Amino acid sequence: MTTHFYTASSLDGFIATRDHSLEWLFRQDFDMEGPMAYPAFVDGIGALVMGSSTYEWLLKNQETWEYAQPTWVFTHRKLSLPDGANVSLVHGDVHEAFPRIAASAKEKDIWVVGGGDVAGQFADAELLDEVWVQYAPVTLGAGQPLLPRSLQLELVATARNRDFVCTRYRVTRADRTERGAPTT
Ligand SMILES: NC(=O)c1ccc[n+]([C@@H]2O[C@H](COP(=O)([O-])OP(=O)(O)OC[C@H]3O[C@@H](n4cnc5c(N)ncnc54)[C@H](OP(=O)(O)O)[C@@H]3O)[C@@H](O)[C@H]2O)c1
């Protein structure tokens with residue numbers, strides 16, 4: 001089981017504007033059947049994780065809840081839940097919530113949808129394995145940050161998908177022993 005942060009970003013590292021707009025993203029061209037596209041990625045996903053801003057954006061901008069997989073929303077608030085959807089509200093340490101999230105994924109992978117700080121909390125807890133970023137050819141100057149942490153990543157794949165440069169990275173953990181890294 002792998003935990004992925006899969007997201008689109010502006011070239012200057014923002015996943016939404018300051019006021020949570022994604023208009024800049026949806027005006028770009030992307031081939032849903034092309035490399036590193038969402039439909040193939042989501043096939044391997046057993047559970048979704050997101051912060052409350054991302055959840056509220058989805059509630060506001062989708063006609064119906066799109067995800068069949070269990071979805072875990074981190075929030076300190078009592079947010080409304082879509083009818084019939086498998087959505088659970090959680091709060092606090094991601095490490096504590098992780099066993100329930102992992103069990104709900106039933107051996108499939110976990111998708112940290114966003115935002116960047118929630119992905120960062122998974123990285124802090126050494127629970128983030130991969131980061132996939134589709135870079136749009138746009139700069140925003142300011143906004144919600146992609147991944148506000150200091151992390152070493154290893155580039156494992158790149159591709160062009162129409163307007164986007166698609167990248168896939170593995171998170172390099174401090175305790176990693178590959179490539180002859182010291183074990184002490
Ligand atoms: N470009 C893309 O592909 C893409 C992908 C995903 C998201 N987005 C957008 O990016 C923006 C991200 O917004 P954001 O940076 O504000 O992040 P967010 O992670 O969506 O929401 C952050 C909020 O989640 C709650 N939260 C986070 N960690 C928590 C924890 N451990 N325990 C309890 N609550 C916790 C807190 O709010 P409360 O406790 O007050 O609820 C926090 O303010 C959204 O507009 C989203 O739509 C874009």
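As the structure is a prediction and not an experimental result, all values here were calculated from the model. One-based numbering, in listed order, for ligands and for the atoms of each. Residues: numbered from 1 along the sequence shown.
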TODO: Ignoring angles and geometry beyond distance, decide whether Asp93 reaches within less than 3.5 Å of ligand 1 through its nitrogen or oxygen atoms.
DONE: no
- [ ] State, to 0.1 Å, how close Gln69 and Val42 come at their nearest heavy-atom pair, and which atoms those are.
- [x] NE2-O, 3.6 Å
- [ ] Using a 4.0 Å heavy-atom cut-off, say whether His91 meets ligand 1 through its side chain, its backbone, both or neither.
- [x] both
- [ ] Classify the ring geometry between Phe98 and Phe122 as parallel (under 30°), tilted (30 to 60°) or perpendicular (over 60°).
- [x] perpendicular
Open item on the list: Students should be able to answer this: which protein heavy-atom is nearest to atom 44 (C) of ligand 1, and at what distance?
Closed with: His20 ND1, 3.3 Å
TODO: Please determine if Lys60 and Glu56 form a salt bridge, counting it only when a charged side-chain N lies under 4.0 Å from a carboxylate O.
DONE: no
Open item on the list: Quick one: does any side-chain atom of Lys78 pair with a main-chain N or O of Leu89 as donor and acceptor, under 3.5 Å?
Closed with: no
TODO: Look at atom 28 (N) of ligand 1 and say whether a protein heavy atom is found at less than 4.0 angstrom from it.
DONE: yes
TODO: Answer with yes or no whether the side chains of Trp24 and Ser10 bring together a donor and an acceptor at under 3.5 Å.
DONE: no
Open item on the list: Only heavy atoms of Leu22, strictly under 4.0 Å: list the atoms of ligand 1 that pass.
Closed with: 48 (C)
- [ ] State the atoms of ligand 1, each with its element, that fall below the 4.0 Å cut-off from a heavy-atom position in Gln144.
- [x] 11 (C), 15 (O)
Task: Connected via hydrophobic side-chain network under 4.5 Å: Phe26 and Phe164 - done: yes
- [ ] Among all protein heavy atoms, pick the one closest to atom 32 (N) of ligand 1 and tell me residue, atom and distance.
- [x] Gly92 N, 3.0 Å
Task: Protein contact to atom 26 (N) of ligand 1 [nearest heavy atom, distance to 0.1 Å] - done: Phe74 O, 3.6 Å
TODO: Any atoms of ligand 1 less than 4.0 Å from a non-hydrogen atom of Gly114? List them with their elements.
DONE: 19 (O)
Open item on the list: Regarding Ser21 and Asp19, do their side chains bring together a donor and an acceptor under 3.5 Å, going by distance alone?
Closed with: no
Open item on the list: Is there a polar contact, in the sense of an N or O pair closer than 3.5 Å, between Arg77 and ligand 1?
Closed with: yes
Open item on the list: Geometry only, no angles: is Ala16 polar-contacting ligand 1 at N/O separations under 3.5 Å?
Closed with: no
Task: N or O pair under 3.5 Å between Val118 and ligand 1 - done: no
TODO: For Ser53, take its heavy atoms, then give the atoms of ligand 1 lying under 4.0 Å from any of them.
DONE: 13 (O), 14 (P), 16 (O), 18 (P), 20 (O), 21 (O), 22 (C)
Task: Asp29 side chain vs Asp163 backbone, donor-acceptor pair below 3.5 Å - done: no
Open item on the list: The criterion is ring-ring contact (aromatic ring centres under 6.0 Å, His included); which residues satisfy it with Tyr38, sequence neighbours excluded?
Closed with: Trp111
- [ ] Please name all residues satisfying side chain to side chain donor-acceptor pair (under 3.5 Å) with Asn161, sequence neighbours left out, ordered by chain then number.
- [x] none
TODO: Please examine the side chains of Cys166 and Phe30, heavy atoms only from C-beta on, and report whether any two atoms are closer than 4.5 Å.
DONE: yes
TODO: Can you pull out the closest protein heavy atom to atom 8 (N) of ligand 1? Residue, atom name and distance to 0.1 Å, please.
DONE: Ile15 CD1, 3.9 Å
- [ ] Pick one of side chain, backbone, both or neither for how Asp117 approaches ligand 1, counting any non-hydrogen atom pair under 4.0 Å.
- [x] neither
Open item on the list: Below the 3.5 angstrom mark, is there an N/O of Gly116, backbone or side chain, next to an N/O of ligand 1?
Closed with: no
Task: Closest approach of Met50 to Thr71 (non-hydrogen atoms, all atoms of both residues) - done: CE-CG2, 3.7 Å
Open item on the list: Could you check whether any heavy atom of Thr7 sits closer than 4.0 Å to an atom of ligand 1, since that is the contact criterion I want to use?
Closed with: yes
Open item on the list: Test of understanding: clusters of I, L, V, M, F, W, Y form through side-chain heavy atoms closer than 4.5 Å, transitively. Do Leu146 and Val138 belong to the same one?
Closed with: no
Open item on the list: Between ligand 1 and Met50, can you find any atom pair, the residue atom being a heavy atom, that is separated by under 4.0 Å?
Closed with: no
Open item on the list: Considering Ser52, Ser9, Gly51 one by one, which has a heavy atom nearer to atom 42 (C) of ligand 1 than any of the others?
Closed with: Ser52
TODO: Decide side-chain contact (heavy atoms from CB on, under 4.5 Å) for Trp132 and Arg168; before the verdict, give the C-alpha distance in whole Å, the side-chain angles of both, and the deciding distance to 0.1 Å.
DONE: CA-CA 4 Å; Trp132 302 50; Arg168 179 177 180 175; 3.2 Å; yes
- [ ] For ligand 1, find out whether one of its N or O atoms is nearer than 3.5 Å to an N or O atom of Trp57.
- [x] no
Open item on the list: Please list the nearest protein heavy atom to atom 33 (C) of ligand 1 with its residue and the distance rounded to 0.1 Å.
Closed with: His76 CE1, 3.2 Å
Task: Heavy-atom proximity to atom 17 (O) of ligand 1, best of Ser21, Gly115, Pro145 - done: Gly115
Task: Per atom 46 (C) of ligand 1, closest listed option by heavy atom (Leu79, Thr54, Thr75, Val113) - done: Thr54
